[in-house]
Amino acid sequence: MILLALGVLLTSLLHLVAAVPSLKARLKAGVGERAYGPVFGLASLAGIAIIVLGWRSADFAFVYDPPEWGRHANFLLTLVAFICLGIFIFRGSLRQRLRFPMAFATIFWTTGHL
């Protein structure tokens, strides 16, 4: 479980570096403009690998038993999310009507998985 927490912490810190321009500029200056992308990519892959290893080594903890209808609701909401994602990727008149199809896709997907 500690390995999982370390992987999540590393990934969160990497997202923080990318989100804060002063940290990103300082890291680019330290590593070099050209090497920043590959180093950041490898660090991201390492974070994801640590998360997966930590998740695989953690003991199962039963937390929540969803209702019987929850599985079907999740399938339906995920289907709607993928349709919204397709509308976002393939530009057209539906994208203009929805205005924020990627945001709607995220909302439907997360609601289904809650």
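Predicted model, so just to flag it, every value in this text is computed and none were measured.
Taken together through direct or relayed side-chain contacts under 4.5 Å among Ile, Leu, Val, Met, Phe, Trp and Tyr, Tyr36 and Leu23 form parts of separate hydrophobic clusters. Hydrophobic clustering, with ILVMFWY side chains joined whenever heavy atoms are under 4.5 angstrom apart, groups Leu79 together with Phe108. Under the 4.5 Å side-chain contact rule for hydrophobic residues, Leu10 and Leu4 do not share a cluster.
The list of salt bridge (Lys or Arg N to Asp or Glu O under 4.0 Å) pairs with a residue in residues 58-84, not counting sequence neighbours, is empty. Within the structure, no pair that satisfies the salt bridge (Lys or Arg N to Asp or Glu O under 4.0 Å) test touches residues 97-114, not counting sequence neighbours. Applying the side-chain hydrogen bond (donor to acceptor under 3.5 Å, both in side chains) rule to pairs touching residues 43-57 yields nothing, sequence neighbours excluded. Sequence neighbours left out, the pairs with a member in residues 21-43 that pass salt bridge (Lys or Arg N to Asp or Glu O under 4.0 Å) are Lys28-Glu33.
For Leu3, the side chain to side chain contact (heavy atoms under 4.5 Å, CB included) test picks out Ile50, Leu53, with sequence neighbours left out. Remark: Pro21 engages no residue in a side chain to side chain contact (heavy atoms under 4.5 Å, CB included) (not counting sequence neighbours). Not counting sequence neighbours, the partners of Thr78 by the side-chain hydrogen bond (donor to acceptor under 3.5 Å, both in side chains) test are Asn74. Evaluation of the ring pair (Phe, Tyr, Trp, His ring centres under 6.0 Å) rule for His113 yields Trp109 as partners, not counting sequence neighbours. Taking Ile87 as the reference, Ile83, Leu94, Arg95, Leu98, Pro101 meet the side chain to side chain contact (heavy atoms under 4.5 Å, CB included) condition, with sequence neighbours excluded.
Applying the 4.5 Å side-chain rule to ILVMFWY residues, one finds that Phe75 remains a lone member of its cluster. Hydrophobic side-chain contacts under 4.5 Å tie Ile2 into a cluster, directly or through other members, with Leu6. When hydrophobic residues (I, L, V, M, F, W, Y) are linked wherever their side-chain heavy atoms come within less than 4.5 Å, the members clustered with Met102 are Phe82, Leu85, Phe88, Ile89, Phe90.
Counting only distance, with no hydrogens or angles, the side chain of Thr11 and the backbone of Val8 share no donor-acceptor pair below 3.5 Å.
Thr111 and Ile107 make their closest contact through OG1-O, 2.7 Å (heavy atoms, listed as atom of the first residue, atom of the second, distance).
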